[in-house]
Amino acid sequence: MRRISYQFPNRCDLAFDHDVPFSRAISSICRMDGKQTNFRTDLGLFKREIKVEIASEKTGFEPVRTDNEFLRGISERADFTFRVRDTLLKGDGRYPAADYTFLLRIDDKGGRIECFIVHEGRSGEIDSLDLKNLLKGALS
């Protein structure tokens, strides 16, 4: 079943192909949900969290799952939201630093996929190219 959203715009910021089967790509993207990494800048130590949701009934999004029944029910095309949240970690507490939201569309093209990325909002340090690199790492 196609999991598409009417919220996905007609124009995108970045489009690319990747040589990976659709089912493997969907599984890899769903496993990215809840992933956390830490990084350091001049401002201090940050925690980066990723939240992934998939289109539901063409008008909304729901949390992804990694069980086989859920993954087998996705075919042809899938729209996702990626929310990337950075939190500054200090000795006296945690402070929200940045929130980034991306829309991602994956199309099945036989033995490969076609991806479209839209960055919602334009501020911050992360852009569509950063998400592409993150995805390529997860899909490899």
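It should be emphasised that the depicted structure is a prediction, and the values quoted were computed from it without experimental measurement. Each residue takes its place number in the sequence, starting with 1.
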Give the cluster check for Leu71 versus Val20: same hydrophobic cluster or not, with ILVMFWY residues linked at side-chain heavy-atom distances below 4.5 Å. yes
Does Glu69, at its CD atom, have more than 12 non-hydrogen atoms belonging to other residues, nucleotides or ligands within less than 6.0 Å? no
Applying the salt bridge (Lys or Arg N to Asp or Glu O under 4.0 Å) test to Asp79, which of Arg105, Arg3, Lys58 qualifies? Arg105
Is there a path of hydrophobic side-chain contacts, each under 4.5 Å between heavy atoms of I/L/V/M/F/W/Y residues, joining Val84 to Tyr95? no
May I ask you to say whether Asp92 pairs ionically with Lys90, meaning some side-chain N is under 4.0 Å from a carboxylate O? no
Does Arg112 have more than 12 heavy atoms from other residues, nucleotides or ligands lying within 6.0 Å of its CZ? yes
Just by distance, do the side chain of Glu53 and the backbone of Phe82 share a donor-acceptor pair under 3.5 Å? no
Spacing of Glu76 atom CD and Arg2 atom CZ [to the nearest 0.5 Å]: 5.5 Å
Any idea which heavy atoms bring Asp107 and Phe22 closest together, and the distance? C-CD1, 4.1 Å
With side chain to side chain contact (heavy atoms under 4.5 Å, CB included) as the test, would you mind laying out the steps for Gln36 and Lys47 before giving the verdict? CA-CA 7 Å; Gln36 298 180 5; Lys47 176 176 71 171; 3.6 Å; yes
Can Ile106 be reached from Ile4 by stepping across I, L, V, M, F, W or Y side chains whose heavy atoms are under 4.5 Å apart? no
Can a donor-acceptor pair be found between the side chains of Arg24 and Ser28 at a distance below 3.5 Å? no
Evaluation steps, side chain to side chain contact (heavy atoms under 4.5 Å, CB included), between Arg83 and Asp99: CA-CA 7 Å; Arg83 299 188 199 294; Asp99 280 314; over 6 Å; no
Can you confirm whether more than 12 heavy atoms, excluding those of Lys136, are under 6.0 Å from its NZ atom? yes
Does Glu125 reach the side chain of Tyr100, with side-chain heavy atoms less than 4.5 Å apart? yes
Salt-bridge contact Arg48-Asp86 (side-chain N to carboxylate O under 4.0 Å): yes
Quick check for you: to the nearest 0.5 Å, what is the distance between Asp67 atom CG and Ser27 atom OG? 10.5 Å
Between CG on residue Leu88 and CG on residue Leu43, distance to nearest 0.5 Å: 7.0 Å
How long is the straight-line distance from OG of Ser128 back to CG of Leu14, given to the nearest 0.5 Å? 6.0 Å
Would you check if the side chain of Asp130 reaches a backbone N or O of Asp127 as a donor-acceptor pair within less than 3.5 Å? yes
Taking the six-membered ring for Trp, are His119 and Phe102 parallel (under 30°), tilted (30 to 60°) or perpendicular (over 60°)? parallel
Taking the side chain as C-beta and beyond, is there a heavy-atom pair between Thr37 and Lys35 under 4.5 Å? no
Contact check, side chains of Leu131 and Ile126, non-hydrogen atoms, under 4.5 Å: no
Would you name the heavy atoms of Cys12 and Phe116 that are closest together and state the gap between them? SG-CD2, 3.8 Å
Looking only at heavy atoms, what is the nearest atom pair of Ala97 and Phe46, with distance? CB-CE2, 3.5 Å
What pair of heavy atoms forms the shortest contact from Phe80 to Ala78, and how long is it? CE1-CB, 3.7 Å
Determine whether Ile29 and Val64 satisfy the following criterion, side chain to side chain contact (heavy atoms under 4.5 Å, CB included), listing intermediate values before the conclusion. CA-CA 9 Å; Ile29 289 168; Val64 296; over 6 Å; no
Taking the side chain as everything from C-beta on, heavy atoms only, tell me whether Leu103 gets closer than 4.5 Å to Pro9. yes
Return yes when atom CZ of Phe39 has more than 12 non-hydrogen atoms of other residues, nucleotides or ligands closer than 6.0 Å, and no otherwise. yes
Side chain to side chain, Met32 and Leu134, heavy atoms closer than 4.5 Å: yes
Can you tell if the side chain of Leu104 reaches within under 4.5 Å of the side chain of Cys115, non-hydrogen atoms only? yes
Just wondering, more than 12 heavy atoms not from Glu62 lying within 6.0 Å of its CD? yes
